[in-house]
Participant: 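What follows is a single structure, and I will ask about it in a moment.
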Amino acid sequence: MALRHYTLDFNLSTAVDSASTVPDLLSIFHEQEMTETVHETNGHGYLATFVGKNGRFVILRVHSHGLVTIDLQCYEEDNISQLDNLLNALETKLKALLNGNITRIKRLPALIRGAKVDRYWPTADGRLIEYDIDGVVYEEDSAYQNIKILHSQQFGNILVLNGDVNLAESDLAYTQAIMGSGKEDYAGKEVLILGGGDGGILAEVVKQKPKMITMVEISFIVIDGCKMHMRKTCGDILDNLKGDCYQILVEDCVPVLKKYVKEGRMFDYIINDLTAVPISTEPEEDSTWEFLRLILDLSIKVLHPSGKYFTQGNSVNLSEALTLYEEQLGKLSCPVDFSKEVVCVPSYLELWVFYTIWKK
């Protein structure tokens, strides 16, 4: 069972007296067989609730500073035509009563609350987006995170990790950007991918015939889900953990990187596609920035002097977070330079920053 939540707002140029506004609205609620309860607001305008048949519930508030709000809640299976008629009647009546005093009317589509399929996911900068998600095709919990793959009519299947939209089948732009936007030649090169459990980067780099790709992904459950339900992104690359020019290590990348540092391993390209919220089995990592700096430091130590390190940054709107990230680049054991590129990732519905980092 789910609820529909409708909202109707009237912004006014001046405050109105509820005594001259509310009585003319009551007949509309009475026609809907709704019972009124007036609540004390201690001088902050008028507040009443109306309860009707089929569990309908309305909150009417005339705010003292010049705003009238109506909230209508009902069960999802309620008669939509009747609900539209109720809201239309209230809007028409208020337009007549408040004629000349209205600066804006805003009526939003219904918010569906408690539905089996969650369509609402936040952007990185905290805005709520309603996706056209019509089903959950995969959901599992690993030792590290909740893994969902949701189906969107626009974007195809979408990988969501711990409530964070990671990648959709529509998001080749993300994969291309984190690989250098077509400016790099991976042929015959040693490549290290950190994370990347959706297989998109691995599938694209393999096409360029590198010498060897080592991919380190902490969760086999992510790999397993994506090889079944994200095949437009990964193709058949995740069907096997080893191929002619690649190997997938299902391990925590931190100890692997430390091992490579000790061994003196070097990579021509390192692509960091770890999740936005760090996941590690290493207990010493107790903050996001410390973890990110550790990954950077270890990666730069195994990066060939002429090599490049690619990673995603954040939403272009999170300028403070991007500045903080760039400050971390000045705290590494080896001095580095960087450039950045802004790319529109379809399913993110926001511009995203990608970094290229190299040794000075």
Participant: Check for a donor-acceptor pair, side chain of His304 on one end and backbone N or O of Ser306 on the other, with a separation under 3.5 Å.
Facilitator: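 The answer is yes, because a donor-acceptor pair under 3.5 Å joins these two groups.
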Participant: Taking the inter-plane angle between the rings of Phe50 and Phe29 on a 0 to 90° scale, is it parallel (under 30°), tilted (30 to 60°) or perpendicular (over 60°)?
Facilitator: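 Aromatic pair Phe50/Phe29 classed parallel.
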Participant: For residues Ile147 and Leu159, determine if any side-chain heavy atom of one lies less than 4.5 Å from a side-chain heavy atom of the other.
Facilitator: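 They are in contact (side-chain heavy atoms under 4.5 Å apart), so the answer is yes.
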Participant: When you look at Ile218 and Cys253, which way does the side-chain contact (heavy atoms from CB on, under 4.5 Å) test go after all the steps?
Facilitator: CA-CA 7 Å; Ile218 198 169; Cys253 71; over 6 Å; no
Participant: With a 4.5 Å limit on heavy-atom distance, are the side chains of Glu341 and Ser181 in contact?
Facilitator: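 Yes, their side chains come closer than 4.5 Å.
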Participant: Are the side chains of Leu3 and Leu111 in touch, meaning some heavy atoms are under 4.5 Å apart?
Facilitator: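 Counting from C-beta outward, Leu3 and Leu111 never come under 4.5 Å.
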Participant: Could you tell me whether the side chain of Leu298 reaches within less than 4.5 Å of the side chain of Val261, counting heavy atoms only?
Facilitator: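 In short, these two side chains touch, coming nearer than 4.5 Å.
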Participant: Can you tell me how far CD1 of Ile193 sits from CG of Leu249, rounded to the nearest 0.5 angstrom?
Facilitator: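 The CD1 atom of Ile193 is 11.0 Å from CG of Leu249, to the nearest 0.5 Å.
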Participant: With heavy-atom distances below 4.5 Å as the criterion, would you say the side chains of His5 and Leu72 are in contact?
Facilitator: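 They are not in side-chain contact.
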Participant: Quick check: is Tyr131 connected to Leu150 through a chain of hydrophobic side chains (ILVMFWY, heavy atoms under 4.5 Å apart)?
Facilitator: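 Yes.
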Participant: Verify the distance criterion only: is there a donor paired with an acceptor across the side chains of Gln32 and Arg56 at less than 3.5 Å?
Facilitator: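 Note: Gln32 and Arg56 side chains meet the donor-acceptor criterion.
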Participant: So do Val191 and Thr214 actually touch side chain to side chain, heavy atoms under 4.5 Å?
Facilitator: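 They are not in side-chain contact.
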Participant: Would Lys340 and Glu326 count as a salt bridge (Lys or Arg N to Asp or Glu O under 4.0 Å) if you check the C-alpha gap in whole Å, the side-chain angles of each, and the deciding distance to 0.1 Å?
Facilitator: CA-CA 10 Å; Lys340 54 188 175 182; Glu326 290 166 19; 2.7 Å; yes
Participant: State the CH2-CZ distance between Trp358 and Phe310, to the nearest 0.5 angstrom.
Facilitator: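 Those atoms lie 9.5 Å apart.
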Participant: In terms of side-chain heavy atoms, does Asn88 have a donor or acceptor partner in Arg107 at a distance below 3.5 Å?
Facilitator: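 Yes, because at least one side-chain N or O of Asn88 sits under 3.5 Å from a partner of the opposite role on Arg107.
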Participant: On a heavy-atom basis, which atom in Ala168 and which in Thr233 lie closest, and how many Å separate them?
Facilitator: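 Looks like O-OG1, 4.0 Å.
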Participant: Which heavy-atom pair separates Met212 from Gln247 by the least distance, and what is that distance?
Facilitator: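 Nearest heavy atoms, Met212 then Gln247: SD-N, 4.0 Å.
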Participant: Under the side-chain contact (heavy atoms from CB on, under 4.5 Å) rule, what do Ser315 and Thr123 come out as? Steps first, then yes or no, please.
Facilitator: CA-CA 8 Å; Ser315 165; Thr123 58; over 6 Å; no
Participant: Are side-chain N/O atoms of Ser333 and Asp297 paired as donor and acceptor at under 3.5 Å?
Facilitator: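 Short answer, yes.
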Participant: Under 4.5 Å between side-chain heavy atoms, hopping through other hydrophobics if needed: is there a path connecting Leu238 to Ile158?
Facilitator: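 Per the 4.5 Å side-chain linkage, Leu238 and Ile158 are co-clustered.
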Participant: Between the side chains of Asp132 and Ser152, is a donor N or O closer than 3.5 angstrom to an acceptor N or O?
Facilitator: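 Distance-only check passes for Asp132 and Ser152.
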Participant: Looking at the rings of Phe354 and Tyr174, which for Trp means the six-membered one, are their centres under 6.0 Å apart?
Facilitator: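 Yes.
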Participant: So which of Asp198, Asp236, Asp239 actually passes salt bridge (Lys or Arg N to Asp or Glu O under 4.0 Å) with Arg231?
Facilitator: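 Exactly one pass, corresponding to Asp239.
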Participant: Spell out, as yes or no, whether a donor-acceptor pair under 3.5 Å connects the side chain of Gln208 to the backbone of Pro210.
Facilitator: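 No; judged by distance alone, with no hydrogens or angles, the pair does not exist.
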Participant: From Ile201 CD1 over to Cys234 SG, what is the distance, rounded to the nearest 0.5 angstrom?
Facilitator: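 Going from the CD1 atom of Ile201 to the SG atom of Cys234 covers 12.5 Å.
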Participant: Against Trp121, only a single residue in Ile129, Val160, Asp164, Leu349 fulfils side chain to side chain contact (heavy atoms under 4.5 Å, CB included); can you say which?
Facilitator: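 Among Ile129, Val160, Asp164, Leu349, the one meeting side chain to side chain contact (heavy atoms under 4.5 Å, CB included) with Trp121 is Val160.
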Participant: Going by atom types only, do Asp171 and Ser347 share a side-chain donor-acceptor pair under 3.5 Å?
Facilitator: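 Looking only at side-chain atoms, Ser347 and Asp171 do form a donor-acceptor pair, the distance falling under 3.5 Å.
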Participant: Establish whether Val165 and Leu318 are linked, either directly or via other cluster members, by ILVMFWY side-chain heavy-atom contacts under 4.5 Å.
Facilitator: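 Looking at the clustering, Leu318 is in a separate group from Val165.
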Participant: Check the surroundings of atom NZ in Lys93: do more than 12 heavy atoms from other residues, nucleotides or ligands lie under 6.0 Å from it?
Facilitator: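 No, the 6.0 Å shell around NZ holds no more than 12 heavy atoms from other groups.
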Participant: Indicate whether any N or O donor in one side chain lies under 3.5 Å from an N or O acceptor in the other, for Asp134 and His151.
Facilitator: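 Yes - a donor-acceptor pair under 3.5 Å links their side chains.
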Participant: Determine whether Tyr260 and Phe267 satisfy the following criterion, side-chain contact (heavy atoms from CB on, under 4.5 Å), listing intermediate values before the conclusion.
Facilitator: CA-CA 10 Å; Tyr260 288 164; Phe267 295 90; 3.8 Å; yes
Participant: In the structure I gave you, are the side-chain heavy atoms of Val68 and Asp9 within less than 4.5 Å of one another anywhere?
Facilitator: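 Side-chain contact under 4.5 Å: no.
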Participant: Quick check on the hydrophobic clustering: are Leu12 and Ile70 connected, directly or via other members, by side-chain heavy-atom contacts under 4.5 Å?
Facilitator: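 Yes; Ile70 is reachable from Leu12 via cluster members.
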Participant: Looking at every non-hydrogen atom in both residues, tell me the closest pair between Leu97 and Thr21 and how far apart they are.
Facilitator: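 Shortest heavy-atom separation between Leu97 and Thr21 comes out as CD1-O, 3.5 Å.
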Participant: Kindly compute the distance separating CG (Leu60) from CG (Leu47), expressed to the nearest 0.5 Å.
Facilitator: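 The CG atom of Leu60 sits 8.0 Å away from the CG atom of Leu47.
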Participant: Which heavy atom in Thr49 sits nearest to a heavy atom in His39, and how many Å separate them?
Facilitator: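 In this case the closest contact between Thr49 and His39 is OG1-NE2, 2.8 Å.
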Participant: Taking side chain to side chain contact (heavy atoms under 4.5 Å, CB included) as the criterion, tell me which of Val336, Leu303, Asn272, Ile270 meets it with Ile357.
Facilitator: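 Option passing the side chain to side chain contact (heavy atoms under 4.5 Å, CB included) with Ile357: Val336.
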Participant: Does a donor on one side chain and an acceptor on the other come within less than 3.5 Å for Asn146 and Asn162?
Facilitator: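 No.
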Participant: Thinking salt bridges, do Glu327 and Lys331 make one under a 4.0 Å N-O criterion?
Facilitator: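 No, Glu327 and Lys331 are not salt-bridged.
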Participant: Under a 4.0 Å threshold between the charged nitrogen and the carboxylate oxygen, would Asp185 count as salt-bridged to Lys209?
Facilitator: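 Salt bridge flag = no for Asp185 with Lys209.
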Participant: Please confirm whether the backbone N or O of Glu130 pairs with a side-chain atom of Arg119, one donor and one acceptor, at under 3.5 Å?
Facilitator: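 It does not hold such a pair.
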Participant: Going from CD1 on Ile178 to CD on Gln176, what distance comes out if it is rounded to the nearest 0.5 angstrom?
Facilitator: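 One finds 12.5 Å between CD1 of Ile178 and CD of Gln176.
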Participant: Run the numbers on Tyr246 and Leu202 for side-chain contact (heavy atoms from CB on, under 4.5 Å), then give the verdict.
Facilitator: CA-CA 8 Å; Tyr246 75 90; Leu202 179 61; 3.9 Å; yes
Participant: Just verifying a value: how many Å separate Arg4 CZ and Glu77 CD, rounded to the nearest 0.5 Å?
Facilitator: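 Going from CZ on Arg4 over to CD on Glu77, the span is 9.5 Å.
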Participant: Between Thr175 and Glu204, is there a side-chain donor-acceptor contact under 3.5 Å, judged purely by atom types and distance?
Facilitator: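 No, Thr175 and Glu204 have no side-chain donor paired with an acceptor closer than 3.5 Å.
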Participant: So which heavy atom on Met179 is nearest to which on Glu184, and how close?
Facilitator: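 Minimum heavy-atom contact is O-CG, 3.8 Å.
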Participant: Does any donor atom in the side chain of Asn54 or Tyr75 lie under 3.5 Å from an acceptor atom in the other side chain?
Facilitator: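 Per modelled atom types, Asn54 and Tyr75 side chains form no pair under 3.5 Å.
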Participant: Please check if the side chain of Ser18 supplies one atom and the backbone of Val22 the other of a donor-acceptor pair under 3.5 Å.
Facilitator: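 No: the side chain of Ser18 does not pair with the backbone of Val22.
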Participant: I'd like to know if Arg127 pairs up with Glu350 as an ion pair, taking the criterion as any Lys NZ or Arg NE/NH1/NH2 lying under 4.0 Å from an Asp or Glu carboxylate oxygen.
Facilitator: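 Salt bridge: yes.
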Participant: Answer yes or no: is there a donor N or O on one side and an acceptor on the other, between the side chain of Ser20 and the main chain of Asp17, under 3.5 Å?
Facilitator: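 Present.
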Participant: Examine Tyr355 together with Tyr325 and report whether their ring centres are nearer than 6.0 Å.
Facilitator: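 Yes - the distance between ring centres of Tyr355 and Tyr325 falls below the 6.0 Å cut-off.
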Participant: Are the side chain of Asn240 and the backbone of Gly243 linked by a donor-acceptor contact shorter than 3.5 Å?
Facilitator: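 Such a contact is absent between Asn240 side chain and Gly243 backbone.
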Participant: Answer whether the closest heavy-atom distance between the side chains of Ile223 and Glu217 falls below 4.5 Å.
Facilitator: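 With C-beta onward as the side chain, the pair touches.
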Participant: Will you find, in the side chains of Ser170 and Gln154, an N or O donor that is under 3.5 Å from an N or O acceptor?
Facilitator: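 No, Gln154 and Ser170 have no side-chain donor paired with an acceptor closer than 3.5 Å.
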Participant: If two hydrophobic side chains count as joined below 4.5 Å and joins carry through other members, does Ile271 share a cluster with Val345?
Facilitator: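 Yes, same cluster.
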Participant: Is it true that the side chains of Asn101 and Thr14 contain a donor and an acceptor less than 3.5 Å apart?
Facilitator: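 There is such a pair between these side chains.
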Participant: Check Gly195 against Leu274 and note the closest heavy-atom contact, atom names and distance.
Facilitator: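 Answer, listing the atom of Gly195 first, then Leu274: N-CD2, 3.6 Å.
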